[in-house]
A.B. asks: 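Below you'll find the structure I mean.
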Amino acid sequence: MREHVTTERYDSWPETRCAGIEIVDGLVVVRPGASKRHNRLARILANALEAAASPGWNADTNFDVRLQDVPLTNRRPDVVVYRADTIDVTPTRPEHVLMIVEVVSPGSETTDRIVTTDQYAKAGIAFYWRVEQAATGVPLVYTHVLDPATRAYRDGDMFTGIVKVSAPFPIEVDLGEV
C-alpha cells in the first residue's frame, strides 16, 4: 500500500526532491521529464505573458501551486501567472494565481485535458490555457475561463500560430516560431 504524503512531510522535503513530482490526493505522481520543445514553448509563453502583464503580476515556470492541504494536492503547471507581491510566499496558493498554462506532452493528454482542468477550476483559478502541438508543428492554444458560480471552466477561444491575448494581457504571441 502506498503511503499518503501529508502537507507537513512534503514541506520538509528539499526542492530537489519535489522537482519531478506532483502530489495528488496525498499520493506522489512522478512526472516524466519534458522535452526541449515542451520546455521552450513554456518558457516563451511565460516570457510573453510576463512582458504583457501589469507590474502587479509575474509569470514563471516550474514551481508548485498548492491546490489543497488535505488531502495534499500540489500541481506543478508549465506556466503560472501569479500576483507579484506573493513571490516569496510559499506555497503558492490558488488565490495568488490568475492563470495557469499546461503544455500537453505525450502521456499527459488525459491529465491536462480533464483532471487538472477540473482541479484548477475547483480551486478558483480564473484562466486556464491548454497548449497542444499539432501535426503541423504549430501549437494549438485552447483557452478556458472560470465561471465563478459553478466553479467550472467554460470554453474560450482556440488559437493557432499567433495568439492575441486581451486584457489583462494585451499582447500578440507568435507561437508559430516555436
Side-chain angles (χ1 to χ4, degrees), residues 1-7 9-11 18-35 38-39 41-42 45-46 49 53 57-83 86 89-134 139-160 163 165-169 173 175:
M1 184 163 98
R2 295 168 72 180
E3 183 179 350
H4 276 71
V5 177
T6 64
T7 301
R9 184 170 173 211
Y10 183 80
D11 289 345
C18 301
I21 65 171
E22 293 181 321
I23 307 293
V24 179
D25 294 331
L27 297 174
V28 174
V29 177
V30 178
R31 296 178 22 205
S35 69
H38 177 112
N39 290 334
L41 181 54
L45 285 166
L49 290 167
W57 296 98
N58 293 338
D60 281 312
T61 62
N62 201 30
F63 66 90
D64 288 344
V65 175
R66 174 82 42 93
L67 299 179
Q68 65 185 34
D69 288 312
V70 179
L72 178 60
T73 298
N74 273 356
R75 287 291 185 181
R76 194 170 276 249
D78 293 309
V79 179
V80 180
V81 178
Y82 61 97
R83 288 190 355 236
T86 65
V89 175
T90 302
T92 299
R93 302 265 182 194
E95 58 268 21
H96 306 150
V97 176
L98 174 67
M99 177 180 178
I100 286 184
V101 180
E102 291 285 8
V103 178
V104 178
S105 293
S108 73
E109 295 95 341
T110 300
T111 300
D112 291 339
R113 291 179 185 149
I114 299 168
V115 178
T116 56
T117 304
D118 185 52
Q119 289 174 340
Y120 296 147
K122 286 185 172 145
I125 296 170
F127 301 96
Y128 174 68
W129 284 7
R130 187 181 77 247
V131 181
E132 298 187 11
Q133 296 281 339
L140 303 173
V141 180
Y142 298 87
T143 65
H144 306 276
V145 180
L146 184 67
D147 178 346
T150 63
R151 287 266 172 149
Y153 287 118
R154 67 182 195 292
D155 291 339
D157 295 322
M158 195 262 309
F159 302 95
T160 60
V163 176
V165 184
S166 58
F169 304 107
V173 179
L175 296 175

A.B. asks: For Tyr142, which residues count as a ring pair (Phe, Tyr, Trp, His ring centres under 6.0 Å) partner, sequence neighbours excluded?
C.D. replies: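 If we apply the ring pair (Phe, Tyr, Trp, His ring centres under 6.0 Å) test to Tyr142, skipping adjacent residues, there are no hits.
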A.B. asks: Compare all side-chain heavy atoms of Thr117 with those of Tyr153 and state whether any distance is below 4.5 angstrom.
C.D. replies: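 Side chain of Thr117 against side chain of Tyr153, heavy atoms only: contact under 4.5 Å found.
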A.B. asks: Can you tell if the side chain of Thr73 reaches within under 4.5 Å of the side chain of Gln119, non-hydrogen atoms only?
C.D. replies: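 Thr73 reaches Gln119 side chain to side chain.
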A.B. asks: Looking at OG of Ser35 and CG of Leu41, how far apart are the two atoms once the value is rounded to the nearest 0.5 Å?
C.D. replies: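 Answer for the OG-CG pair, Ser35 versus Leu41, is 9.0 Å.
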A.B. asks: Using distance alone, with no hydrogens and no angle criterion, decide if Asp64 and Tyr10 have a side-chain donor and acceptor under 3.5 Å apart.
C.D. replies: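 A pair is found: one side chain offers a donor N or O, the other an acceptor, under 3.5 Å apart.
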A.B. asks: Side chains of Asp78 and His38: do they bring a donor and an acceptor to under 3.5 Å?
C.D. replies: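 A pair is found: one side chain offers a donor N or O, the other an acceptor, under 3.5 Å apart.
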A.B. asks: Could you tell me whether the side chain of Val79 reaches within less than 4.5 Å of the side chain of Ile100, counting heavy atoms only?
C.D. replies: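 No - every pair of side-chain heavy atoms lies 4.5 Å or more apart.
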A.B. asks: Hey, does Thr143 have a side-chain heavy atom less than 4.5 Å from the side chain of Met158?
C.D. replies: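 Heavy-atom side-chain distance check fails, nothing below 4.5 Å.
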A.B. asks: State which residue, out of Val65, Asn58, Asp60, fulfils the side chain to side chain contact (heavy atoms under 4.5 Å, CB included) condition with Val80.
C.D. replies: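 With Val80 as partner, side chain to side chain contact (heavy atoms under 4.5 Å, CB included) holds for just one option, Val65.
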A.B. asks: What is the distance from atom CZ of Arg151 to atom CG of Asp118, rounded to the nearest 0.5 Å?
C.D. replies: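 Output value for this atom pair is 11.5 Å.
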A.B. asks: Roughly how far apart are Asp155 CG and Arg130 CZ, rounded to 0.5 Å?
C.D. replies: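 So the CG of Asp155 and the CZ of Arg130 are separated by 8.0 Å.
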A.B. asks: Applying the side-chain hydrogen bond (donor to acceptor under 3.5 Å, both in side chains) test to Asn74, which of Glu22, Arg66, Gln68 qualifies?
C.D. replies: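 Of the listed options, the one satisfying the test is Arg66.
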A.B. asks: Do you know which two heavy atoms are closest between Asp112 and Ser105, and how far apart they sit?
C.D. replies: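 Looking at all heavy atoms of both residues, the shortest contact is OD2-N, 4.5 Å.
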A.B. asks: Which residue pairs satisfy the ring pair (Phe, Tyr, Trp, His ring centres under 6.0 Å) criterion with at least one member in residues 91-111, sequence neighbours excluded?
C.D. replies: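 Listed by first then second residue: nothing to list.
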A.B. asks: Side chains of Val101 and Pro77, heavy atoms from C-beta outward: is any pair under 4.5 Å?
C.D. replies: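 No - every pair of side-chain heavy atoms lies 4.5 Å or more apart.
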A.B. asks: How far apart are the closest heavy atoms of Ala123 and Pro94, and which atoms are they?
C.D. replies: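 In terms of heavy atoms, the two residues are closest at O-CB, 3.3 Å.
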A.B. asks: Are the side chains of Leu67 and Ile125 in contact, using a 4.5 Å heavy-atom criterion?
C.D. replies: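 SC-SC contact between Ile125 and Leu67 confirmed.
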A.B. asks: Would you mind reporting whether Ile21 and Val29 have side-chain heavy atoms less than 4.5 Å apart?
C.D. replies: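 Side-chain contact under 4.5 Å: no.
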A.B. asks: Taking the six-membered ring for Trp and the single ring otherwise, decide whether the centroids of Tyr120 and Phe127 are under 6.0 Å apart.
C.D. replies: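 They do not qualify: ring centres at least 6.0 Å apart.
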A.B. asks: Going from CG on Leu146 to CE on Met99, what distance comes out if it is rounded to the nearest 0.5 angstrom?
C.D. replies: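 Output value for this atom pair is 13.5 Å.
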A.B. asks: Does the distance from a Lys or Arg side-chain N to an Asp or Glu carboxylate O, for Arg113 and Glu102, drop under 4.0 Å?
C.D. replies: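 No, no charged N to carboxylate O under 4.0 Å.
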A.B. asks: Take Thr92 and Thr86, measure what side chain to side chain contact (heavy atoms under 4.5 Å, CB included) needs, and give me the verdict at the end.
C.D. replies: CA-CA 8 Å; Thr92 299; Thr86 65; 5.5 Å; no
A.B. asks: Identify the heavy atoms of Ala59 and Ala46 that sit nearest to each other, and give their distance.
C.D. replies: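 Nearest pair, atom of Ala59 first, then Ala46: CB-O, 3.4 Å.
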A.B. asks: Rounded at 0.5 Å granularity, tell me how far CZ in Arg83 sits from CH2 in Trp57.
C.D. replies: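 Answer rounded to 0.5 Å: 7.0 Å.
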A.B. asks: Measure across Pro71 and Gly26 and return the closest heavy-atom pair with its distance rounded to 0.1 Å.
C.D. replies: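 Minimum heavy-atom contact is CB-N, 4.0 Å.
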A.B. asks: Yes or no on side chain to side chain contact (heavy atoms under 4.5 Å, CB included) for Tyr82 and Val89, after CA distance, side-chain angles and deciding distance?
C.D. replies: CA-CA 11 Å; Tyr82 61 97; Val89 175; over 6 Å; no
A.B. asks: Would Val97 and Val81 satisfy side chain to side chain contact (heavy atoms under 4.5 Å, CB included), going step by step from the backbone distance to the final call?
C.D. replies: CA-CA 6 Å; Val97 176; Val81 178; over 6 Å; no
A.B. asks: Please confirm whether the backbone N or O of Asp69 pairs with a side-chain atom of Thr7, one donor and one acceptor, at under 3.5 Å?
C.D. replies: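 A pair under 3.5 Å: yes.
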A.B. asks: Would you name the heavy atoms of His4 and Asp25 that are closest together and state the gap between them?
C.D. replies: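 That closest heavy-atom pairing would be CD2-O, 3.3 Å.
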